[in-house]
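Data first, discussion second: the structure below is written as structure tokens.
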Amino acid sequence: DVQLQASGGGLVQPGGSLRLTCAAPGFNFRDYAIGWFRQAPGKEREGLSCFSPSDGEVYYAASVRGRFTISGDNAKNTVYLQMNGLKPEDTAVYYCAADTSLRSIIQGILPIDYADYWGQGTQVTVSS
């Protein structure tokens with residue numbers, strides 16, 4: 001049974017940083033793109049970024065490009081999302097997901113519920 005384990009959320013002041021971790025133990029890591037989504041209260045889930053373990057390719061949605069950095073450690077089956085310059089509007093539950101077409105999902109070409117695997121979510125709150 002595939003499990004994605006998201007962690008690293010918390011409370012941070014505006015302008016601060018957090019690093020989210022998505023661990024995928026026992027997963028065929030290189031066969032999928034791994035990425036991050038978020039959902040704020042009352043809003044639809046939004047795709048943010050994805051990482052391809054097979055070739056290191058990354059993609060960012062415009063809303064986070066320049067502030068967030070995604071990276072992966074293939075040996076640990078883990079993907080990270082470094083979030084800098086956090087704003088109150090970044091407050092949301094952050095989810096990691098895996099799918100072979102994750103970039104197309106984040107771009108809005110495919111629906112979000114098309115993604116094969118989801119982690120449990122980690123809360124990020126940006127507030128003073």
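Only a predicted model underlies this, so the values are computations on that prediction, with no experimental measurement involved.
- Rounding to the nearest 0.5 Å gives a distance of 11.5 Å between CE of Met83 and CZ of Arg19.
- Salt bridge Arg45/Asp113: absent, no basic N to carboxylate O contact under 4.0 Å.
- Put simply, the side chain of Ser49 gets close to the backbone of Tyr59: a donor and an acceptor are under 3.5 Å apart.
- The two residues Tyr95 and Gln120 make their nearest non-hydrogen contact at CE2-O, 3.8 Å.
- Formation of a donor-acceptor pair under 3.5 Å by the Asp116 side chain with backbone atoms of Asp99 is not found in this model.
- Note: Glu46 CD to Ile112 CD1 = 8.0 Å, rounded to the nearest 0.5 Å.
- Counting non-hydrogen atoms of other residues, nucleotides and ligands closer than 6.0 Å to CD of Glu89 gives a total above 12.
- With rounding to the nearest 0.5 angstrom, the OG atom of Ser17 is 9.5 Å from the CZ atom of Phe68.
- In terms of heavy-atom proximity, Leu18 sits nearest to Gly8 at CD2-O, 3.9 Å.
- Ser52 and Ser54 share a side-chain donor-acceptor pair at under 3.5 Å.
- The two residues Gln5 and Pro25 make their nearest non-hydrogen contact at NE2-CG, 3.9 Å.
- Contact check for Ile34 versus Cys22: side-chain heavy atoms found under the 4.5 Å cut-off.
- With rounding to the nearest 0.5 Å, the separation of OH in Tyr80 from OG in Ser71 is 7.0 Å.
- The shortest non-hydrogen separation linking Thr122 to Leu20 is CG2-CD2, 4.0 Å.
- Cluster annotation: Leu11 is not connected to Val124 through the hydrophobic network of ILVMFWY side chains, with a link wherever side-chain heavy atoms come within less than 4.5 Å.
- Taking every heavy atom of both residues into account, Pro14 and Ser128 meet most closely at CD-N, 3.7 Å.
- The nearest pair of heavy atoms linking Ala33 to Pro53 is CA-CD, 4.3 Å.
- A donor-acceptor contact shorter than 3.5 Å links the side chain of Thr91 to the backbone of Val126.
- Separating the CG atom in Asn74 from the CZ atom in Arg30 is a distance of 4.5 Å, to the nearest 0.5 Å.
- Remark: Ile106 CD1 to Leu48 CG distance equals 7.0 Å, nearest 0.5 Å.
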